[in-house]
K.L.:
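This is the structure I want to talk about, given as structure tokens.
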There are 4 protein chains.
Amino acid sequence: MEFSKNKSIYMQIADYFYGNILLEKWKVDEKVPSVRQLAVDLEVNPNTVMRTYTHLQDKNIIYNQRGIGFFVSNEAQSIVKDLVKEQFTTDELPEIFKTMEMLGMDMQEISDYYNNWKSNLKN
Amino acid sequence: MEFSKNKSIYMQIADYFYGNILLEKWKVDEKVPSVRQLAVDLEVNPNTVMRTYTHLQDKNIIYNQRGIGFFVSNEAQSIVKDLVKEQFTTDELPEIFKTMEMLGMDMQEISDYYNNWKSNLKN
Amino acid sequence: MEFSKNKSIYMQIADYFYGNILLEKWKVDEKVPSVRQLAVDLEVNPNTVMRTYTHLQDKNIIYNQRGIGFFVSNEAQSIVKDLVKEQFTTDELPEIFKTMEMLGMDMQEISDYYNNWKSNLKN
Amino acid sequence: MEFSKNKSIYMQIADYFYGNILLEKWKVDEKVPSVRQLAVDLEVNPNTVMRTYTHLQDKNIIYNQRGIGFFVSNEAQSIVKDLVKEQFTTDELPEIFKTMEMLGMDMQEISDYYNNWKSNLKN
DNA sequence: GTGGTCTAGACCACC
DNA sequence: GTGGTCTAGACCACA
């Protein structure tokens, strides 16, 4: 996994969790990777992973069983969905729309980029 | 002008310049507000404005005439357009698309949000 | 380190970096002093050092690892060499030559000064 | 006349005077251009020229006859020569030598640049 | 009037 | 611990 410079690493790790939960790759009560293991896999400081986990736990997206690990909570799906959608529609989309105006782009162009992006994913 | 807390103030001031240049409110060789004046208008510290100006000057978007002020450079339009478009297509759009996938949204929904946003602007 | 008053402090700190990089005292990917530490060592305000670092980062001479520090970039050597040589040959040397003409000095005299300067360095 | 960005304009105008005096294009008691005229010729603000003249007058290089103009003083030659030589040997040359060391250049290379520069002047 | 630099001190996010 | 941003206030050189 590569990290963008525009966003903090621990939030990008959270994004990775959001994806896995929303797309149901990780189900309710399933164990998520250990802090240490994930830190090794992602080549980041364990503190950084821990920060993500603390953050997700605060939001009741994962829960902890002492000595065993972290697990996906019951409400994870709905919490994440609300969270992501909220931020998407109130922060990110308006930002995009403003930039579109500045660049004089219309929805069709965005749509083209989208199709392009999707076809690139397959390869 | 209100500042979002997600982004540094000096970069939001830069964004303000980008808009004015792209939409040709400010033309080539036109004088831009003085550091002190803009600081007063935006209610920020002059150092913060100075930081924006230094940044824009480094990117050859504005130039300085000693003792007189800053002016929009010849290539400002094209430099800004490249800059903004580059970041938009390589950073922001993919981010949006990823989130769309996660949320299971399609282009039609985005388009609806867009039209909604545009009609809100008019009011 | 003493600072000349003809040049801004933050640029003199940059010169110090140029020297260390060109003479390979600092190698690629080596960590450079932290902003705070260097500020203490040089007895200047951290903001002043920060200004140098931002400048060098913009020029891709150093890069940042979040929360860890600044490091010498791959291309640092060649960038600095180009930078310094460019300025030396197009700005400083012509200036010197013009003054030599005005003073009626020839290359031999300059050479004498040079040898003199070098022998003073040793003591 | 073109002005370098590295030096203040009024000092570059002073340099122009130094050259004319040292190379005896302007002799003792000869009238120098009026402030207004020179400002027009050089396309600078009259204040800037005035600043040069004040500076030169302070150093007894030119003197003023009220209502008539400025004139080259008796001691102009020797004063300028001392002034320029002093700055040249204590400020500029050491600076050059330091840069030479950093770039690993020797006197021969400088000499080559010098010959090159002189032959370019003729064209 | 203009920009340019610097200090002092603070607060924050991040690793 | 690291950098990043911002404020307040000052002083200077320059046009």
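Order of the sequence lines sets the chain letters (A, B, ...), proteins ahead of strands, with each chain counted from 1. All heavy atoms count here, side chains included; hydrogens, waters and symmetry mates do not. No experiment lies behind these values; they were computed from the predicted model shown.
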K.L.:
Could you give the CD1-to-P distance, from D:I13 to F:dC14, as a whole number of Å?
P.N.:
12 Å
K.L.:
Would you give a per-nucleotide map of nucleotides 2-9 of chain E, 5' to 3', where B means the base has a protein non-hydrogen atom under 4.0 Å away, S means only the sugar-phosphate does, and - means neither?
P.N.:
BBSBBBBB
K.L.:
Answer whether the closest heavy-atom distance between the side chains of B:F88 and A:I96 falls below 4.5 Å.
P.N.:
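Sidechains of A:I96 and B:F88: in contact.
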K.L.:
Using 30° and 60° as the class limits, which term best fits the ring planes of D:F17 and D:Y53: parallel, tilted or perpendicular?
P.N.:
perpendicular
K.L.:
With no hydrogens and no angle check, is any side-chain donor or acceptor of B:Q77 less than 3.5 Å from a backbone partner on B:I21?
P.N.:
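It does hold such a pair.
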K.L.:
Should A:D15 and B:K98 count as an ion pair when the cut-off is N to O under 4.0 Å?
P.N.:
no
K.L.:
Look at the aromatic rings of B:F71 and B:Y63 and report parallel, tilted or perpendicular, splitting at 30° and 60°.
P.N.:
parallel
K.L.:
What does F:dC14 pair with, Watson-Crick or G-U, if both distances are under 3.5 Å?
P.N.:
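E:dG1 is the nucleotide pairing with F:dC14.
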